[in-house]
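Take a look at the structure below.
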Amino acid sequence: MMNTLFASDAHTEFLRTLNVDQRDAVTTGLGPVLVLAGAGSGKTRVLTGRAVHLIREMHVHPSSIAVMTFTNKAARELKERLASYMEGATDLPWAGTFHSFCVQVLRQHGHRAGLSRDFTIYDEDDSQRVVTELLREKQVIREGVTPRQVKSAISRIKNGGKSDHRSPVVMIAEDIYEGYQSRLRDANAYDFDDLLLTPLELMMQKDEFRELLQRRYDHLLIDEFQDTNQVQFDFARMIASPQNNLFAVGDDDQSIYSWRGANYRNVLDFGKKLEGARIFRLEQNYRSTQQILDAANDVIAGSRHRHDKKLWTDRKTGEKVTLRAYSRPADEANEIIGEIEFSKQKRGLGLKDFAILFRTNAISRYFEEVLVQHRIPYTVVGGLKFYERKEIKDFIAYLRVIANPHDEQAWSRVFREIAAGVGQTTIDRLMHASRQHPLKCEAILNSTWVDSIVTGAPRVKALEFVTKLALLHEAVPSNTLSEIVDKSIKESGLESFYESLNDEESRDRLENLRQFQTGAWERSQQMPELTLSEFLSELALVSDIDDLENVTDRLALMTIHSAKGLEFPVVFVAGVEENLIPHFRSIESAEALDEERRLLYVAMTRAKDRLYMSYVEARPMNGRLDFQSPSRFLSDIDPTRLRGAGVPAKLSSRYVADEDVFSRDRPVAHLPQSAVRPSASKTLYKSSGIEFRIGDVVEHAEFGVGTVTAKSGDLYSLKVRVAFSGYGSKLLAVKYANLKKLS
DNA sequence: CCATGGGTCCTTTTT
DNA sequence: GGACCCATGG
């Protein structure tokens, strides 16, 4: 009693800290609610505030509330906030991603529809391999159609997205769709789309199932609503009905996932689809300075479809946004990190107060090199993922077979990568035979059966390998997660394999396996009942290992997509160039261009106090050196809001920097783009300055000094044969080999 | 039938 | 510079 009273006071106190609009949204009555919340307008506060309000003031039981987010990072943030607002409470609302919600549903209730608990989640890689196999079997390999494209078309079909009807890719996708689904079914596996789709279909088909979930959750709160796709929206609506206690928070200006089926029309049409919906707008920004906000508003104003919003702040004007031009990515990295070191000293900031954002993961490399060199601690959020390392993927595949012997992709990988003496022919034979078998891949656990399929030398090797897996599979029910992982690491032979190699790389890989083992042990300690299968699901959905250790003072590097929902005192946006933002894959369609614009808007609005943007003169791409132009979106910013070497001297719609002007810290003069347009997209050969002739003496980083004995290939794939002393003759691609000419 | 080495081709964003 | 494919030798 005391507790509730006190908590209620605390909540009243909390409500007082909200502005009128926020408070109206938090305290509004039941039924569908849409909150249009601009960047930095306190979206998360409103969402968590609403959950607390439902509990404290409207006497809703916490366990009947579910808060859905789109990314793991957002989910973590929400959980933390809920826990701190509800300090001391034992019951908290459910909070997590759509995907994790669905996994939970499938595991807890799937058996009612005859579904197994021990399913596997196929990641993008597994799914694409299935597509590749089907294309090969059906021999529909067509020029210019990649498995990746077909997979994404399948994904679009599943998510009810617009299909570019009758394109070759879509037709192939439709053609193999059934085969793809039955492959997954046989493997007892779900791809990311099925994870959402299956529970939705179950609810539509089985009243019992639907009623169960509808009764279980009375209130659904949805974060980043602009990023939900049709399936997610339908799913949420179905659970929330018939009362429709759906509280959605979103910003159409920050919709950056349409390529994944996200449909910001869900935001625009919310009122039409849910009767009696109330709509609130949050336009006061608490995050950024007026300068940053103005510059960001200049960019987003060019967007075609949007709810018109005018973000304002009562924060001080602040400093102008800095725009800089550099010669090469390495200079950009050096200068930005130099700037961070400098302002850290000068303003007494910590590393965690800075973030470097970029459009593509590949760009992080340049920054990492400088950071390693300077021994500055950093994290690449979502970049080089721990669980994507080869040794970890191999071992996870081994565990996947043990947890779910139907998992065909795991079997393939395990044979291909771990089993010595078993080659592709044997794998194909086993896979093909198991598809005819009623038990599908599970048949491989039966050594008598394997014995009947495999002959010759591989037979013994395969039997030996399979027997171990069969024993481990049988051991699952009677062992803890940690015990199974320990045994598997030994039995798989991975440990002794890497130990025997004893080189730098293998030590690294071994270390990673140990780290994985420790992770499993820790998880086992926290949750003794956690099954292997559940553990593997967690891994499939949460890819950042450093999700846990966010306490230390580290510099954050991440893509703009990953940065959504986050804020930092100082933000650097690197590579603000044509072909990057907007990405070259997005420049043909107006829709895609708009999304790129929103992406830059999201990047800029992450900054609280200072915002730096930069672009480079030329960037190595695909083994070539591409000359870059500044992003077209930069020219939408009123130049008076910008400062620094890189700001066009006069207002012009397009501009590109003059070559020798990029040396640092000198004011930059700009030429109108028209004057240099022909060279703007010209690609140059990396070693174009160097002519190699037969007889030239060259130096290679690894092979040392050698003599050029032959030349082949054209301008873009020039190769030279070099005779090295000690290493013999090598054929080298000039663009990668980085040869130094000595004579 | 397997292992190995050289050749070819690709690189957006996330669950 | 990495993943994947194909040819070759064991």
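Just so we're on the same page: letters track the sequence lines, and every chain starts at 1.
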Rounded to whole angstrom units, what separation is found between the [atom1] atom of [X] and the [atom2] atom of [N]?
| X | N | atom1 | atom2 | value |
| --- | --- | --- | --- | --- |
| A/Glu577 | B/dT12 | CD | C1' | 15 Å |
| A/Leu195 | B/dT14 | CG | P | 18 Å |
| A/Glu417 | B/dT4 | CD | P | 13 Å |
| A/Asp223 | B/dT15 | CG | P | 14 Å |
| A/His583 | B/dT13 | NE2 | P | 7 Å |
| A/Arg76 | B/dT15 | CZ | C1' | 16 Å |
| A/Glu224 | B/dT15 | CD | P | 12 Å |
| A/Leu600 | B/dT12 | CG | C1' | 15 Å |

Problem - Ring centroids of A/Trp259 and B/dT13 base under 5.5 Å with planes under 30° - result: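 Per 5.5 Å and 30° rule: yes, stacked.
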Can you tell which of [options] lies closest to the side chain of [X]?
| X | options | value |
| --- | --- | --- |
| A/Ser586 | B/dT13, B/dT12, B/dC2 | B/dT12 |
| A/Arg585 | B/dT12, B/dC1, B/dT14 | B/dT12 |
| A/Ser562 | B/dC1, B/dT14, B/dT15 | B/dT14 |
| A/Tyr257 | B/dC2, B/dT15, B/dT14 | B/dT14 |
| A/Thr360 | B/dT12, B/dC2, B/dT14 | B/dT12 |

Presence of [X] side-chain N/O under 4.0 Å of [N] phosphate oxygens OP1/OP2:
| X | N | answer |
| --- | --- | --- |
| A/Thr559 | B/dT14 | yes |
| A/Thr426 | B/dC2 | yes |
| A/Arg459 | B/dC1 | no |

Looking for any heavy atom pair under 4.0 Å, which part of the strands does [X] touch: base, sugar-phosphate only, or nothing?
| X | answer |
| --- | --- |
| A/Phe70 | sugar-phosphate |
| A/Glu595 | nothing |
| A/Phe584 | nothing |
| A/Ser100 | nothing |
| A/Arg365 | nothing |
| A/Arg129 | sugar-phosphate |

With [X] via side chain to side chain contact (heavy atoms under 4.5 Å, CB included) - residues at least two apart:
| X | result |
| --- | --- |
| A/Pro329 | A/Tyr366, A/Val616, A/Arg619, A/Pro620 |
| A/Asp234 | A/Leu200, A/Gln230, A/Arg237 |
| A/Gln373 | none |

Handout entry: Any residue meeting side-chain hydrogen bond (donor to acceptor under 3.5 Å, both in side chains) with A/Ser255, in chain and number order, not counting sequence neighbours
Key =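 Residues passing side-chain hydrogen bond (donor to acceptor under 3.5 Å, both in side chains) with A/Ser255: none at all.
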Taking 4.0 angstrom as the limit, do [X] and [Y] come out as a salt bridge?
| X | Y | value |
| --- | --- | --- |
| A/Glu368 | A/Arg365 | no |
| A/Asp252 | A/Arg598 | no |
| A/Arg509 | A/Asp394 | no |

Quick one: which protein N/O atoms are closer than 3.5 Å to N/O atoms of nucleotides 5-10 of chain C? Pair and distance per line, please.
unit_1 : atom_1 : unit_2   : atom_2 : d
C/dC5  : OP1    : A/Arg136 : NH2    : 3.1

Practice task
Tell me, please, which residues at least two apart from A/Glu133 pass salt bridge (charged side-chain N to carboxylate O under 4.0 Å, His left out).
Solution key: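 With sequence neighbours excluded, A/Glu133 shows a salt bridge (charged side-chain N to carboxylate O under 4.0 Å, His left out) to A/Arg183, A/Arg435, given in chain and number order.
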